[in-house]
Visitor: 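The structure that follows is given in the form of structure tokens.
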Amino acid sequence: MDRVNPRNVLVVVAAVAGCVAPFVMGDLTFLMRMLLAAIVVTGLSLLMGYAGQASLGQGAFVAVGAVTVAVGTTRWGLPPLLVLVAAPIVAGAFAALVGVPLLRLRGHYLAFGTLALLLMVQTAMSTLDFLGGAFGISGIPAFGVGGSVFTDQRPYVLLALGLLALVLFVTHRIVDSRFGRGIRALAGSETAAESAGVPVMRGKLVIFALSAMYAGLAGGLSAFFTPYVSPDSFPALESFTYVIMAVVGGLGTLWGGVVGAVLVSTLLQVLNLVSSQPQLPPTLGPILQYATYGGLLVVALLFMPGGIVPTVQSAAARAVSRRGGAGRT
Amino acid sequence: MLTIDRVSRSFGGVYANRDVTLTVAEGEVRGIIGPNGAGKSTLFNLVAGHIRAESGTISLAGRRIDRLPAHARARQGVGIVFQGARVFPGMSLLANVMVGAHAHTRAGVVAAALRPPSQRREERAIRAQAEDCLSRVGLLDWASRPAEGLPLGQQRRLQVARALAGLPRVLLLDEPASGLRAAERQELAELIGELRRDGTTILLVEHDVGLVTSLAERITVLDLGRVIADGTPSEVTSDPAVIKAYLGTGASHAADR
Ligand SMILES: Nc1ncnc2c1ncn2[C@@H]1O[C@H](COP(=O)(O)OP(=O)(O)O)[C@@H](O)[C@H]1O
Ligand SMILES: [Mg+2]
């Protein structure tokens, strides 16, 4: 179990790259957003890949986490650490509540139901002054614990990196457990899972709430980082992007969310740089972005229906077995 | 062990089960036969909790189970092998069978994340038990294979292993031999015979009358949702009503194979 395998090497390389990047890059906004997306998408991949439940509105829970931080710090003056811990809890509780009716929906209906939830959260944020109204909530204080306060971007990135590692660790443990087997089973057949003793509805609720907790955690951290929260901070397009990242990376794999988030974020960033050249028309950016989404999905579904991580894994397994000579196909 | 008392259930005004009464003793193998559409699978779904009875009661070991959701009935000891192949895709054979142990284990999502010693102990016990169940159905050598590519006969045996992992007090087998080749059918009959020797209480729905009569002490015959006969294999197969409703066509049907 503890022998060196290529995947562990990759993980170490990724971790080192992640830790070095904050010290060599100039503006860390892009890196931060990528890490936050990776946290959200890891939860989404758990929900979609393992439990087989779709969500087009994961941004709703990101928003709940962000609003928790914004309201907690600016309106109630609560300590930053407390509200950052509260953000995933509030988002998870919210998901558990709305999940009771929502998760009775299946497939496309569930996808649209979660999208409607996002629109409802946006509407609530823009109409209720307590949640910021149309102008949003600004003046969120910097994050800090005790006397030390985050004064620049770097500690945020390091904190996000640590939290991403925590989220991956927890996800890994949950998937490989009695509870995780029940979740994977219900994705295959709810009837058979029920008869094996799996409480299907409760299992779906728990995994929905867990994915919302990850989203809420990312949202809470983003509120400190930005530090401004408004209804426009969580466009539906961003929630679609999470789904694309999850699919491209590989649903139902531990690392799929991270790989998808890194790849899609980077691609969008490059396109952004290209299309913002002064001699090009300003409409090029959005066009390229949408074209990329479409192209990515088509390419992923055509050539790597399982996503990048499973495709690379099986290719690596084939290479290893060829090299080892123990020809098992 | 299992008492089904005047249970009825209709679909769109047509009774799929009507006043079905059935008592199965501990350690008994009860055969259930009847033409297609007689209501055999409906009866199993009523017992397992996938559909609710409109009237009547169902008790297991003296305890009413008819109001419980399906997963709670599994905890009470109802195990089922469905008519269609319902293995869990994307999971190994071992993981499939480990899911079956849900019925008598506890650890939840928090224990999964924190992994206290009790969770680790339970996890080891689940694995050992699942391996034992796989070996009982002769699939242990395939434990790490994915479940979905399996031939039909092995998918059936995998489902039996999964149900056994739940430590069922009564095991419902819905046409376990249908679609199997002669050799697979023979293996399955031997497996059920072994379960019977181990004292497992079994309800067996099967079209192959020869298979049922060789395994079951008593046979219940359903037709159009009603029990039309109940007795030893020789009593039932000589009953004129049964011959008229089922065996006349069923026997020649079975002989075709
Ligand atoms: N879920 C359902 N909805 C509607 N009708 C059903 C349903 N399940 C069973 N039936 C009907 O009930 C009758 C009995 O079906 P079933 O129990 O599957 O029979 P068997 O297993 O004996 O072949 C059939 O007429 C069938 O069409
Ligand atoms: Mg049937």
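Each chain gets a letter, A, B and so on, in the order the sequences are listed, and its residues count up from 1.
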Visitor: Is it the side chain or the backbone of B/Val81 that comes within 4.5 Å of chain A heavy atoms, both, or neither?
Guide: neither

Visitor: Between B/Gly100, B/Gly166, B/Ala74, B/Ala107, which has the largest tally of heavy atom pairs under 4.5 Å with chain A?
Guide: B/Ala107

Visitor: Between B/Arg75, B/Met98, B/Gln119, which shows the greatest number of heavy-atom pairs under 4.5 Å with chain A?
Guide: B/Met98

Visitor: Taking side chain as everything from C-beta outward and backbone as N, CA, C, O, which of these in B/Arg127 sits under 4.5 Å from a heavy atom of chain A? Side chain, backbone, both or neither.
Guide: neither

Visitor: Check whether B/Arg86 gets within reach of chain A through its side chain, its backbone, both or neither, counting any heavy atom under 4.5 Å.
Guide: both

Visitor: Can the positive tip of A/Arg104 be found less than 6.0 Å from the middle of the six-membered ring of A/Tyr109, inside 45° of the ring normal?
Guide: no

Visitor: Taking B/Ile32 as the fixed residue, which of B/Val212, B/Leu203, B/Asp174, B/Leu172 is the one that meets the side chain to side chain contact (heavy atoms under 4.5 Å, CB included) rule?
Guide: B/Leu203

Visitor: Tell me yes or no: between the side chains of B/Gln129 and B/His104, is some donor less than 3.5 Å from an acceptor?
Guide: yes

Visitor: Who wins among A/Val206, A/Thr191, A/Ile174 for the most heavy-atom pairs under 4.5 Å with chain B?
Guide: A/Thr191

Visitor: Is the closest side-chain donor-acceptor distance between B/Gln83 and B/Ser178 under 3.5 Å?
Guide: no

Visitor: Counting only heavy atoms closer than 4.5 Å, note whether B/Gln159 contacts chain A via side chain, backbone, both or neither.
Guide: neither

Visitor: Counting heavy-atom pairs under 4.5 Å with chain A, which one of B/Ala103, B/Gly108, B/Ala72 comes out on top?
Guide: B/Ala103

Visitor: Checking heavy atoms, do the side chain of A/Val198, its backbone, both or neither come under 4.5 Å from chain B?
Guide: both

Visitor: Can a donor-acceptor pair be found, under 3.5 Å and without considering hydrogens, that links the side chain of A/Arg181 to the backbone of A/Asp176?
Guide: no

Visitor: Check the angle between the aromatic planes of A/Phe61 and A/Phe208 and answer parallel, tilted or perpendicular using the 30° and 60° thresholds.
Guide: perpendicular

Visitor: For B/His102 and A/Phe179, I'd like to know if the aromatic rings sit close, meaning centre-to-centre distance below 6.0 Å.
Guide: no

Visitor: Of all of A/Ser195, A/Gly188, A/Gly203, which one pairs up most often with chain B through heavy atoms under 4.5 Å apart?
Guide: A/Ser195

Visitor: Under 4.5 Å, counting heavy-atom pairs only, tell me which of B/Val99, B/Val109, B/Val110, B/Val78 racks up the most with chain A.
Guide: B/Val109

Visitor: Looking at A/Ser189, A/Gly252, A/Ala185, A/Gly180, which makes the most heavy-atom pairs under 4.5 Å with chain B?
Guide: A/Ala185

Visitor: Is the backbone of B/Tyr15 close enough, under 3.5 Å, to the side chain of B/Ser10 for a donor and an acceptor to pair up by distance?
Guide: no

Visitor: Could you walk me through whether A/Lys204 and A/Glu190 satisfy the salt bridge (charged side-chain N to carboxylate O under 4.0 Å, His left out) test, starting with their C-alpha distance in whole Å, then the side-chain angles of each, then the deciding distance to 0.1 Å, before giving a yes or no?
Guide: CA-CA 10 Å; A/Lys204 284 200 228 174; A/Glu190 291 192 7; 2.9 Å; yes

Visitor: Side chain from CB out, backbone as N, CA, C, O: work out which of these in A/Ala187 comes under 4.5 Å of a heavy atom of chain B, or both, or neither.
Guide: neither

